Amino acid sequence: MSADRVEEVERADEGGGVEAEAITTMAATATAVRYYQVAPGVRLNVRRGPGTQYSVVRILPEGARVPIFCQTPGTNVSGPYGTSNIWDNIDDGEFVADAYVNTGSDGYVRPRCS
């Protein structure tokens, strides 16, 4: 969240009301994002969509940590953490195969992408 947005949330908190509650809830949700470790020794492809048929946008370096905003089914991929069709949305229009991210689960750990 940008510094300007934090100031807006703080001002809204002082003013009260429904809008202040909505902004405060949004701020709390934004800060609740958890980061997950990419498998050790892996440079991970980030793709435009949830599958290997999508183009590579960038490559994450070894030791990267990624936020997962939502998850969606896509191409089956085998990686260090098993075989899965789950893809993690790590930014607007950017996905990585969950089989390469240490979420501590074989299933969904975040909401499904809409």
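Computed from a predicted structure; not experimentally measured. The first residue of the sequence shown is numbered 1, and numbering continues consecutively from there.
Applying the disulfide (SG to SG under 2.5 Å) test to residues at least two apart or on different chains, the pairs with a partner in residues 52-114 are C70-C113.
Counting heavy atoms from C-beta outward, P50 and Q71 have side chains that stay 4.5 Å or more apart. Side-chain contact between E94 and R58 is present, with heavy atoms from C-beta onward closer than 4.5 Å.
Here the straight-line distance linking atom CH2 of W87 with atom OH of Y54 works out to 10.0 Å at 0.5 Å rounding. Note that CZ of F95 and CG of N45 are 15.0 Å apart. Values are rounded to the nearest 0.5 Å. Here the CZ-CD1 distance, from R47 to I59, works out to 9.5 Å after rounding to the nearest 0.5 Å. Here CZ of R65 is found 8.0 Å from CZ of R34. Values are rounded to the nearest 0.5 Å.
Connection of V109 to V101 is established within a shared hydrophobic cluster, with ILVMFWY side chains joined at heavy-atom distances below 4.5 Å, either directly or through further cluster members. Tracing side-chain contacts under 4.5 Å through hydrophobic residues (I, L, V, M, F, W, Y), one never reaches F69 starting from Y100; they form parts of separate clusters. Hydrophobic clustering, with ILVMFWY side chains joined whenever heavy atoms are under 4.5 angstrom apart, keeps I90 apart from I86. The same ILVMFWY cluster, assembled from side-chain heavy atoms under 4.5 Å apart, contains both V42 and L60.
When the shell of 6.0 Å around CG of D106 is examined, it contains 12 or fewer heavy atoms from other residues, nucleotides or ligands.
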| query | Between Y81 and D98, is a side chain to side chain contact (heavy atoms under 4.5 Å, CB included) present by the stated rule, with each step listed? | reply | CA-CA 8 Å; Y81 302 113; D98 191 66; over 6 Å; no

| said: Let's go through V66 and V38 carefully: what are the C-alpha distance in whole Å and the side-chain angles of both, what is the deciding distance for side chain to side chain contact (heavy atoms under 4.5 Å, CB included) to 0.1 Å, and is it a yes or a no? | reply: CA-CA 7 Å; V66 294; V38 171; 4.1 Å; yes

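Among all heavy-atom pairs drawn from A99 and S78, the shortest one is CB-C, 4.3 Å. Of all the heavy atoms in T103 and Y36, the pair that sits closest is CA-CD2, 3.7 Å.
A distance-only check finds a donor-acceptor pair linking the side chain of N76 to the backbone of N85 [under 3.5 Å].
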